[in-house]
Amino acid sequence: MKSIIIILMFFLSGSICTAQENALEKKIDSLSKVSRAKADFVLSKFDSIKADKILYSISDEKYYVVFKKGCCYSEYYISVDSVGKVKEKRLVKLNKGNKKLFKKAFELHRYRNEFITRVDNPKEVQGNLSYFVVKDISGKRYGEYWLSVITIPIPIDKQLYSYLLTQLLKESTLNKKSN
């Protein structure tokens, strides 16, 4: 009888853990889709630009967008408030030395096709949530993820990640200094 009670308790504890994991997964899934929707809203502000694009954001408030038109690239910094209203949208001065980085970044075969919301066996996970996506001219998504800003390993090219993070932080700091 004692062993039956122990087995029953073990089974029930496993069921409770599974139920909690499922609830957490559903919450993560819904929050990640909110980030996707907000990113799509930001990109809709550029509907007149028919091009492949990269979007990187932190906390669904600060966005860095790169457009590829032929062999040329344009970079934008966008800031939105908590309800999604665009506070600032500005063209960033292009650094011609980034042409190689962007050429590689827009090679779509380098990216996974699924939406990544967690990394198996991460070495580091810290910071606010970030969202990344590459969208081709038809709107198909590549390399899409919703992860903490500091996630190791990061599922995209490290140089691209470093560039986008650095530029986004730099541009958001410029905004604060001008206020």
Side-chain angles (χ1 to χ4, degrees), residues 25-80 89-172:
E25 286 297 318
K26 285 181 183 177
K27 185 175 181 177
I28 287 172
D29 189 48
S30 66
L31 290 173
S32 66
K33 289 187 176 149
V34 168
S35 285
R36 174 190 269 182
K38 287 181 178 182
D40 285 346
F41 173 76
V42 168
L43 288 175
S44 75
K45 301 299 180 190
F46 298 95
D47 279 348
S48 63
I49 302 173
K50 303 294 183 208
D52 292 348
K53 52 198 78 95
I54 291 174
L55 178 140
Y56 179 74
S57 73
I58 297 176
S59 301
D60 298 330
E61 292 178 2
K62 297 173 184 353
Y63 295 84
Y64 202 80
V65 181
V66 181
F67 293 96
K68 176 188 179 199
K69 291 182 84 179
C71 63
C72 300
Y73 304 95
S74 302
E75 300 174 58
Y76 288 85
Y77 168 77
I78 301 99
S79 173
V80 298
K89 173 181 156 184
R90 95 176 105 83
L91 182 64
V92 176
K93 187 176 178 181
L94 188 63
N95 179 346
K96 299 210 188 285
N98 294 326
K99 200 168 188 173
K100 272 186 178 178
L101 174 67
F102 289 147
K103 185 175 192 268
K104 185 176 168 184
F106 281 99
E107 292 174 353
L108 301 178
H109 68 274
R110 296 176 164 274
Y111 298 101
R112 293 166 65 179
N113 290 325
E114 69 272 7
F115 189 0
I116 300 167
T117 57
R118 67 184 176 99
V119 175
D120 293 333
N121 303 316
K123 292 183 176 130
E124 191 77 37
V125 177
Q126 289 185 34
N128 292 341
L129 289 164
S130 65
Y131 175 83
F132 172 86
V133 69
V134 180
K135 289 179 84 174
D136 67 14
I137 198 163
S138 67
K140 184 172 179 187
R141 299 169 194 276
Y142 299 86
E144 185 177 28
Y145 73 75
W146 184 72
L147 300 167
S148 292
V149 171
I150 300 171
T151 299
I152 300 173
I154 194 76
I156 63 170
D157 179 78
K158 290 175 189 161
Q159 285 182 309
L160 176 62
Y161 163 75
S162 178
Y163 178 79
L164 294 171
L165 178 60
T166 302
Q167 287 299 108
L168 183 58
L169 294 175
K170 180 178 120 184
E171 293 301 322
S172 65

Self-check item: Nearest non-hydrogen partners of Asp136 and Lys140, listed with the distance
Solution: OD1-N, 2.9 Å
Practice problem: Take Tyr56 and Tyr161, measure what side-chain contact (heavy atoms from CB on, under 4.5 Å) needs, and give me the verdict at the end. | Solution: CA-CA 9 Å; Tyr56 179 74; Tyr161 163 75; 3.9 Å; yes
Quiz item: So, Trp146 and Ser35: side-chain donor and acceptor under 3.5 Å apart, yes or no?
Solution: yes
Quiz item: Does Leu147 reach the side chain of Val125, with side-chain heavy atoms less than 4.5 Å apart?
Solution: no
Quiz item: What are the two closest heavy atoms between Tyr64 and Leu168, and how far apart are they?
Solution: N-CD1, 3.9 Å
Quiz prompt | Nearest heavy atoms of Pro122 and Pro153, plus distance in Å | solution = CA-CD, 4.2 Å
Exercise. Validate the cation-pi geometry between Lys53 and Phe106: distance from NZ or CZ to the six-membered ring centre under 6.0 Å, angle to the ring axis within 45°.
Key: no
Quiz item: Which is it for Asp157 and Lys104 under the salt bridge (charged side-chain N to carboxylate O under 4.0 Å, His left out) test, yes or no, and what are the steps along the way?
Solution: CA-CA 9 Å; Asp157 179 78; Lys104 185 176 168 184; 3.2 Å; yes
Practice problem: Dump the intermediate steps for side-chain contact (heavy atoms from CB on, under 4.5 Å) on Asp52 and Val134, then the final yes or no. | Solution: CA-CA 7 Å; Asp52 292 348; Val134 180; 5.7 Å; no
Quiz item: Does one side chain, of Gln167 or Tyr77, offer a donor that lies under 3.5 Å from an acceptor on the other?
Solution: no
Quiz prompt | Heavy atoms of other groups near Glu107 CD, more than 12 under 6.0 Å | solution = yes
Quiz item: Hey, does the side chain of Lys50 reach the backbone of Asp47 with a donor-acceptor pair shorter than 3.5 angstrom?
Solution: yes
Quiz item: Do Val42 and Val80 have side chains that get closer than 4.5 Å, going by heavy atoms?
Solution: yes
Quiz item: Taking all non-hydrogen atoms of both residues, which atom of Asn128 and which atom of Ile58 are closest, and how far apart?
Solution: CB-CG2, 4.1 Å
Practice problem: Hey, could you give me the NZ/OG distance between Lys62 and Ser130, rounded to the nearest 0.5 Å? | Solution: 14.0 Å
Practice problem: Measure the OG-CD distance between Ser148 and Glu124 for me, rounded to the nearest 0.5 Å. | Solution: 10.0 Å
Quiz item: Would you call Asp40 and Arg141 a salt bridge, using N to O less than 4.0 angstrom?
Solution: yes
Practice problem: Mind checking the CG-CZ spacing from Leu55 to Arg36? Nearest 0.5 Å is all I need. | Solution: 12.5 Å
Quiz item: Please walk me through it: do Ile152 and Val119 pass side-chain contact (heavy atoms from CB on, under 4.5 Å)?
Solution: CA-CA 8 Å; Ile152 300 173; Val119 175; over 6 Å; no
Quiz item: From Lys69 NZ over to Ile137 CD1, what is the distance, rounded to the nearest 0.5 angstrom?
Solution: 9.0 Å
Quiz item: Taking the side chain as C-beta and beyond, is there a heavy-atom pair between Leu43 and Lys135 under 4.5 Å?
Solution: yes
Quiz item: Does Thr166 reach the main-chain N or O of Ser162 with its side chain, forming a donor-acceptor pair under 3.5 Å?
Solution: yes
Quiz item: Would you say the side chain of Ile78 lies within less than 4.5 Å of the side chain of Lys45, judging by non-hydrogen atoms?
Solution: no
Practice problem: Could you tell me the separation between the CD1 atom of Ile54 and the CD atom of Glu75, rounded to the nearest 0.5 Å? | Solution: 9.5 Å
Quiz item: Atom OG of Ser79 and atom NZ of Lys89: how far apart are they, to the nearest 0.5 Å?
Solution: 13.5 Å
Quiz item: Parallel, tilted or perpendicular: which fits the ring planes of Phe132 and Tyr145, with parallel below 30° and perpendicular above 60°?
Solution: parallel
Quiz item: Step by step, would you call Ser74 with Lys68 a side-chain contact (heavy atoms from CB on, under 4.5 Å)?
Solution: CA-CA 7 Å; Ser74 302; Lys68 176 188 179 199; over 6 Å; no
Quiz prompt | Heavy-atom side-chain proximity of Tyr111 to Glu144 below 4.5 angstrom | solution = no
Practice problem: Please check if any side-chain donor atom of Tyr163 sits under 3.5 Å from a side-chain acceptor atom of Asn98, or the reverse. | Solution: yes
Quiz item: Are Tyr76 and Phe67 close enough that their ring centres sit under 6.0 Å apart?
Solution: yes
Quiz prompt | Heavy-atom check, side chain of Lys103 versus side chain of Tyr73, under 4.5 Å | solution = yes
Self-check item: Note: Arg118-Asp120 ion pair, threshold 4.0 Å (strictly below)
Solution: yes
